[in-house]
Amino acid sequence: RAHGKGEEQAWHEHGDMGLELRGRQRRAVSLIYLGEIDEGRLLLNEANAAAYGGSLRPYDTVVLYCNAIGTCREVAAFDEASQWTERAQLFCDEHAISAFPGVCRINRAEVMRFEGKLEDAEKAASEATQLLAAWAPRIAAAGYAEVGEVRLRLGDLAKAEEAFDQADGLGHDPEPGRSLLLLAREKPAAALASIRRALADDLPALTRARLLPAFVEIATAADAVDDATTAAGELAETAERYDSPALHAAAAAAAGSVALARDDPHGAVRPLRRALRLWQDTNARYEAGRTRVLLARAYAATGDAEGAMHELAQAGSVFDQLGARIDAAKVDALLGRDAGTRVTMTFAFTDIVDSTRHLEHHGDANWQKLLRQHDTLVRRVVEAEGGRVVDHTGDGFFLAFPSAERAVAAAAAIQRGIAGDLPFEIRIGIHTAEATSLGDNYRGKGVHVAARIGALAGGEEILASRETVETLTELRTGEPRSERLKGIAEPVDVVAVDWRGES
């Protein structure tokens with residue numbers, strides 16, 4: 001706290017507004033950790049608003065943006081951290097600044113992980129460790145821990161362990177990842193001992209809150225239900241104190257887990273439904289999927305088999321899209337091998353490019369109006385081509401069509417409609433594959449491939465797997481290129497579809 005005041009006084013001594021604002025940010029963080037939350041947040045908002053005003057040197061602005069990201073991350077305000085990440089990236093692009101400085105790279109990767117952008121998060125954190133290892137090993141160590149967390153979610157346990165060991169070797173305790181890795185390897189007793197050691201240290205409440213959800217998960221798996229109950233209670237108290245949506249969601253999920261462990265499925269439903277809603281509100285797709293699995297268990301135990309099937313189908317589809325292999329396999333086991341019907345469909349994923357930048361430019365009210373126009377256009381075209389909206393994630397769609405021809409026709413119509421009427425670009429990925437149909441959703445490797453192809457596409461581009469469109473003889477495409485997709489053993493040939501010309 002005194003350090004923050006010293007930096008704030010530097011403005012009066014040196015006439016440096018950037019240094020003063022950085023001091024205010026650090027003082028705000030100190031106040032928050034000391035429990036003076038309202039005062040700290042007020043000071044932080046003032047400093048962040050000044051940084052956003054555009055009157056500072058570019059370097060100072062980037063540092064202040066990055067401090068804002070880090071502070072939001074500390075209090076688990078990942079929705080705000082995501083917005084600051086987009087602003088920082090836009091500022092870097094506009095001022096030809098090639099990269100985020102220091103630890104901000106790691107914070108940015110964590111925000112991506114929170115949003116379910118697992119492959120992007122792994123790439124960002126891995127690149128950061130390579131650039132930082134030589135001159136900032138302490139920061140690189142945090143980067144290795146983040147790489148491990150992402151790989152754990154992707155189901156690559158061996159490489160996750162390697163990253164955690166690298167973090168440990170550079171002096172960073174890779175918790176809760178290391179304990180969760182032990183749990184993933186079906187060693188609940190060892191996992192519980194590991195997470196107990198991490199929580200035995202004298203840690204601030206916010207730091208403990210980053211470990212407590214893992215403790216609850218591990219303790220319930222190890223039949224240490226009383227310990228899980230205590231941890232869930234502490235997490236709830238921290239959530240009330242710091243009042244961020246992600247903390248409230250984690251606390252509600254923990255309460256639901258404890259209720260399930262105590263054979264009280266009826267008591268689990270309400271907190272789990274609240275957790276799911278909060279995760280969805282903050283765009284935490286992976287955590288929302290994990291919560292759906294718990295909710296399915298609660299529904300099944302209360303006799304609601306149809307509700308359980310719905311939640312599992314939704315969770316499994318999300319895990320397929322994110323590439324979370326172990327979680328997807330667990331859903332398959334819960335559903336049973338014979339669940340669902342095998343079908344061949346053409347899947348398409350759409351996404352607005354740089355949506356946060358457009359939100360900043362147009363303002364919230366106008367942006368919501370533009371989103372409604374976008375959504376209406378997509379749904380109208382999809383219905384006209386005999387397709388179906390499987391999932392809608394705010395600025396993107398997961399679509400299914402009975403044939404590649406109809407999927408391509410819909411994608412072209414959507415691109416033409418966007419280009420003619422709306423001030424932003426979208427990208428679309430298309431792939432035909434066999435999948436499992438579960439109610440209103442689809443599961444399987446083909447869904448994952450389609451999602452990854454969509455992520456590869458650029459603005460105003462329709463990118464399709466070559467095998468999907470090669471029989472559409474009147475369609476014009478670019479030259480094929482081979483791409484390696486995360487979680488897919490063989491490379492996939494993709495082509496860009498010419499939607500501007502005549503088909």
Side-chain angles (χ1 to χ4, degrees), residues 1 3-4 24-49 51 64-85 103-104 106-108 110-111 113-115 142 146 149 173 175-176 195 198-217 228-258 270-284 286-288 290-291:
R1 186 171 182 175
H3 179 62
R24 288 185 185 180
Q25 283 184 321
R26 293 190 181 190
R27 186 180 179 206
V29 173
S30 298
L31 288 168
I32 290 170
Y33 267 89
L34 287 168
E36 299 176 37
I37 299 163
D38 291 340
E39 182 182 352
R41 282 184 169 170
L42 179 62
L43 185 62
L44 184 67
N45 290 337
E46 290 175 355
N48 292 349
L64 287 163
Y65 279 172
C66 290
N67 287 346
I69 296 168
T71 304
C72 291
R73 167 220 181 247
E74 289 292 335
V75 298
F78 285 99
D79 49 343
E80 294 180 43
S82 177
Q83 294 170 17
W84 282 108
T85 298
V103 72
C104 188
I106 314 304
N107 292 337
R108 180 182 180 226
E110 184 174 359
V111 171
R113 167 167 62 87
F114 182 82
E115 294 177 331
E146 182 57 37
E149 292 279 1
D173 189 11
E175 290 292 358
I195 197 69
L199 281 166
D201 295 334
D202 185 15
L203 302 172
L206 284 171
T207 304
R208 289 180 62 83
R210 296 172 66 82
L211 302 176
L212 289 171
F215 184 91
V216 172
E217 180 181 354
T229 303
T230 301
E234 180 184 344
L235 187 57
E237 290 175 4
T238 304
E240 287 299 319
R241 184 179 182 187
Y242 290 95
D243 194 29
S244 70
L247 282 175
H248 283 300
S257 296
V258 168
R270 184 174 181 179
L272 290 175
R273 285 177 62 85
R274 180 171 188 248
L276 177 58
R277 183 179 68 255
L278 289 169
W279 289 134
Q280 290 173 325
D281 288 345
T282 55
N283 200 32
Y286 178 80
E287 280 74 12
R290 294 287 301 271
T291 302

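- Across every non-hydrogen atom of Ala198 and Asp173, the tightest pair is CB-OD2, 4.5 Å.
- Residues forming a side chain to side chain donor-acceptor pair (under 3.5 Å) with Arg273 (at least two apart in sequence, or on another chain): Tyr299.
- With sequence neighbours left out, Glu110 forms a side chain to side chain donor-acceptor pair (under 3.5 Å) with Arg73, Arg210.
- Leu272 and Thr291 make their closest contact through O-CG2, 3.5 Å (heavy atoms, listed as atom of the first residue, atom of the second, distance).
- Closest approach of Pro176 to Ala214, counting heavy atoms only: CB-CB, 3.5 Å.
- Taking every heavy atom of both residues into account, Leu31 and Leu43 meet most closely at CD1-CD2, 4.2 Å.
- Partners of Tyr242 under the ring-ring contact (aromatic ring centres under 6.0 Å, His included) rule, at least two apart in sequence or in another chain, do not exist in this structure.
- Distance check: Arg113 CZ to Glu149 CD gives 4.5 Å after rounding to the nearest 0.5 Å.
- The stretch residues 232-252 participates, sequence neighbours left out, in these salt bridge (Lys or Arg N to Asp or Glu O under 4.0 Å) pairs: Arg208-Glu234.
- Taken from CD in Glu217 to CD1 in Ile195, the straight-line distance is 10.0 Å, to the nearest 0.5 Å.
- Thr207 meets the side chain to side chain contact (heavy atoms under 4.5 Å, CB included) test with Tyr33, Leu203, Pro204; sequence neighbours excluded.
- Taking every heavy atom of both residues into account, Ala231 and Val216 meet most closely at CB-CG2, 3.9 Å.
- Across Leu235 and Ala209, no two heavy atoms sit closer than the pair CD1-O, 3.9 Å.
- Under the rule for a side chain to side chain contact (heavy atoms under 4.5 Å, CB included), the partners of Arg277 that lie at least two apart in sequence or sit in another chain are Arg274, Asp281.
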